[in-house]
Each structure stands twice: as structure tokens, then as C-alpha cells.
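All chains are named by letter (A, B, ...) in the order of the sequence lines, taking the proteins before the strands, and each is independently numbered beginning at 1. All values below come from the heavy atoms of this structure, side chains included, with hydrogens, waters and symmetry mates left out.
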Protein chains: 2
Amino acid sequence: MSENLKLSNQVCFPIYSLAKEVVGLYRPILQQLDLTYPQYLVMLILWEEGTQNVSEIGTKLHLDSGTLTPLLKRLEQKKLIERNRSAQDERIVQIELTADGQKMKTAATQVPEQILNSLNVTVEQLEALKTGIDNILNQIRK
Amino acid sequence: MSENLKLSNQVCFPIYSLAKEVVGLYRPILQQLDLTYPQYLVMLILWEEGTQNVSEIGTKLHLDSGTLTPLLKRLEQKKLIERNRSAQDERIVQIELTADGQKMKTAATQVPEQILNSLNVTVEQLEALKTGIDNILNQIRK
DNA sequence: TTTAATTATGTTGTGTACAATACAATAGCA
DNA sequence: TGCTATTGTATTGTACACAACATAATTAAA
């Protein structure tokens, strides 16, 4: 196999591995909030942008309803969100923070700092990595 | 929130997203071999390095037995591998390619090329990304 | 040599992740 | 208005992914 062909394995596997490591870094930190990483991503969107449709959340996180529906039901069970059908269009389910969910935002402000610490790399390294990843994501998604 | 703190979200989420996109790129290509991406990774190891313990595969892929045992049983059902306990140490399960599994190696040589094409970026971009990812992986794992 | 610790794998439970499908509600159009 | 296509969500089935625990075999130590 030529060197170029090997390269795809040598890049794709580290991408796959790094994502698992990153989720693993979040795990003990988010455990204090009783959240998983995908659940945290949903909460971030609600904290930043307020009430959202299921499909809006799905578009932003690139997750489909088969993933989101059970995930959102778990957040609902924890009393962090409410799921209500829109009166105007009954197909739409609005996802809204509860008071508990809103309150969690304060505790969650500590998460990024803890992650940055455990990543243990320079801001310059992170920014370079972000640029490289965004380039490839744009190529793949366009 | 300071810009630096936002950075962790702005890097970690793209890492998480990119990994899903990459696995998604492999999906239609590997479908022709009736393999998933993690199954393909196991087959790659067996093609390159021959018979392995479960734990050796787990170490190389950073996967635990709760993931590997059912995955390996699925590969066994497809007659691509055999699982045999070692006579010397009966705790050890040796994972060995069948003739069918060995034969698949030829068809699979086309996979890296197809992935490189669909990634649609330059080799330089890929190598830069690989360097960035490997740096962070080393930091996290050390 | 009996016991204790370690090792290797398996099992169970929870939680993504996505394809395929279903279905109800809305929108667009003839 | 009625019909059709589209939209938004839910359901089902398959497959990871990992924590926690269980179990059996081996090794090490007293």
C-alpha cells in the first residue's frame, strides 16, 4: 500500500480515538452535573439560545430524532427540560428549560475551564487544531 | 465567559462532530464489505499483525471487553474470524482470521483510496491535522 | 501449599448513534 | 376544496461504548 493510502487510516483512526478521549475527559466532570456529553451539548444550546424545536437542536448538533428523542426524554425525567407541542403546529415539540435546568447553567460555567486544564495543551495548539478540523469538516459537509 | 474558556467548546465539539462525519464516510464504503468502522479496525489489525488476544486488540483500539466481546461475536457469526481459548492459558481468547476473513483483505485494499477521495483535502492538510491530533492525544494519554 | 492478588474475558445496564419506517400535521397546488 | 408532497417527530432495530460487576484461571507471596 502506498504511503498516501496508509495516510487515511493514520488520520481517521486518531480522529476517532481523539473524540472518544475527549468525551472521556468530559465524563467525570459532567458526572457532577449528572449529564453525558451529548446531554451537555443540548443544555449548552438551550442556555445560549433558549427554547428550541427538536429539529433545530438536531441541525445544530448533527443528531437525528432517533438519537434526540430518547436523550431529551432523559433530560425531561431529570426535570431539566420540558417538552411541549406547539399550539400553532402540532408536529413541533418545543424544548424549554425548567427552573432547575436554567439554574444548572451557573454550575456548568466551570466545565470549560476544567476541560482546558485536562487537555493540557497551549491555546495556540488548540487553535491550530480547530482550524485543521474546521477545514476538513467544511470539505466533507459541502 | 472569556474567549479562552469558550475555546474548549469550540474545539471539543468539532472533534466530536468530525469523528461522526468520518465514521459516516466509511459507512457506505464498508457496507460493501458488510463491516462497520470498528469491525473494520479489528480486521485491519488481524490483516496486518495476525492472530491476537482480545486484550491486545482492546489495547490497540482503546476499546474494552464490553465493546469487543459482542463485536467479535458478530465477526464470528459472519465467518470472518474464529474465537478459540488458548490451551496454555484458558483465560485467553485468540482471535484468528478464517479463510473468508483473510480473503476480504484484497477487497479492502480499495477502502483507503475511496476514503481519501471523499475526504477531498490535500495530503498536506491531512498531515498537518494528524500532527495536531497526535499531539493532543499524547498529552491526554500520558 | 494455601491464600491473596492479578489477569483475561464475559455479562449487564445505561446511553448514544443512525437507518428505516411510520404517521400525523401542514403547506402547496391544481 | 381536495390531493399530494413535505415537514417534524417518534418508533424500531442494530451496533457501538463504557462503567460496574462477575468469574475463572494464573501468579505471587507467606
Side-chain angles (χ1 to χ4, degrees), chain A residues 13 16-28 30-31 33-43 51-78 80-81 83-95, chain B residues 13 16-28 30-31 33-43 51-78 80-81 83-95:
Chain A
F13 177 59
Y16 162 81
S17 293
L18 178 58
K20 289 195 303 169
E21 293 282 350
V22 166
V23 171
L25 285 182
Y26 276 96
R27 193 169 294 119
L30 291 178
Q31 207 163 9
L33 303 176
D34 189 27
L35 291 178
T36 65
Y37 182 62
Q39 289 169 10
Y40 170 69
L41 292 177
V42 169
M43 295 301 286
T51 301
Q52 306 272 312
N53 295 351
V54 175
S55 63
E56 289 173 322
I57 296 173
T59 301
K60 286 166 185 168
L61 298 183
H62 304 280
L63 292 173
D64 78 358
S65 64
T67 303
L68 282 175
T69 297
L71 186 159
L72 292 169
K73 284 181 177 173
R74 282 187 279 271
L75 290 179
E76 188 182 35
Q77 280 188 334
K78 297 182 202 177
L80 296 173
I81 64 165
R83 296 162 67 249
N84 299 303
R85 286 202 179 269
S86 158
Q88 289 81 40
D89 186 339
E90 293 195 359
R91 295 170 302 178
I92 293 177
V93 174
Q94 301 274 357
I95 307 298
Chain B
F13 177 59
Y16 161 80
S17 294
L18 178 58
K20 290 196 303 170
E21 292 282 349
V22 166
V23 171
L25 284 182
Y26 275 96
R27 192 169 295 120
L30 291 179
Q31 207 162 8
L33 303 175
D34 189 27
L35 291 178
T36 65
Y37 182 62
Q39 288 168 10
Y40 171 68
L41 292 177
V42 169
M43 296 299 286
T51 302
Q52 305 273 311
N53 295 350
V54 175
S55 63
E56 290 173 321
I57 296 173
T59 301
K60 286 166 185 166
L61 298 184
H62 304 279
L63 292 172
D64 78 357
S65 65
T67 303
L68 281 176
T69 297
L71 186 157
L72 293 169
K73 284 182 177 173
R74 282 186 279 272
L75 289 179
E76 188 182 35
Q77 279 189 332
K78 297 182 203 178
L80 296 173
I81 64 166
R83 296 160 66 249
N84 299 302
R85 287 201 181 269
S86 158
Q88 290 80 41
D89 186 339
E90 292 196 1
R91 295 168 304 176
I92 293 177
V93 174
Q94 301 274 357
I95 307 299

Exercise for the section: Under 4.0 Å between any heavy atoms, over every strand shown, what does Gln31(A) touch: base, sugar-phosphate, or nothing? Just pick one. Expected result: nothing

Handout entry: Minimum side-chain heavy-atom gap Phe13(B)-Leu61(A) below 4.5 Å
Key = yes

Completion exercise
Assert: residue with more 5' nearest nucleotide on DNA chain D, out of His62(B) and Lys78(B), is Lys78(B)

Completion exercise
The nucleotide from dC16(D), dA10(D), dG10(C) with an atom nearest the side chain of Val93(A) is dA10(D)

Practice task
Consider the side chain of Gln39(A), meaning its heavy atoms from C-beta on, and name the nucleotide among dT9(D), dG15(C), dC16(D) that approaches it most closely.
Solution key: dG15(C)

Handout entry: For atom CG of Asn53(B) and atom C1' of dT7(C), their distance in whole Å
Key = 11 Å

Problem - Nearest-Å distance for atom pair CG/P, residues Asp89(B) and dT27(D) - result: 6 Å

Practice task
Find the distance Arg83(B):CZ to dT9(C):P and express it as a whole number of Å.
Solution key: 10 Å

Handout entry: Earlier contact from the 5' end, DNA chain C, for Gln88(A) and Thr36(A)
Key = Thr36(A)

Practice task
Looking at every strand, decide which applies to Gln94(A) at a 4.0 Å heavy-atom threshold: base, sugar-phosphate, or nothing.
Solution key: nothing

Problem - Nearest-Å distance for atom pair CZ/P, residues Arg27(A) and dA20(D) - result: 10 Å

Handout entry: Beyond-backbone contact of Arg83(B) with Ile95(B), side-chain heavy atoms, under 4.5 angstrom
Key = yes

Practice task
May I have the distance from Ile92(A) (atom CD1) to dA27(C) (atom P), rounded to whole angstrom?
Solution key: 9 Å

Handout entry: Spacing of Leu61(A) atom CG relative to dG15(C) atom C1', expressed in whole Å
Key = 16 Å

Practice task
Go through residues 64-77 of chain A and report each residue with a non-hydrogen atom lying under 4.0 Å from DNA chain D, sorted by number.
Solution key: Ser65(A), Gly66(A), Thr69(A), Lys73(A)

Exercise for the section: Please state whether the phosphate of dA17(D), meaning OP1 or OP2, lies under 4.0 angstrom from any side-chain nitrogen or oxygen of Tyr16(A). Expected result: yes

Protein-nucleotides 21-24 of chain D N/O pairs under 3.5 Å:
none

Exercise for the section: Flag the pair Met43(B) / Leu75(B) as yes when at least one side-chain heavy-atom distance between them is below 4.5 Å, and no otherwise. Expected result: yes

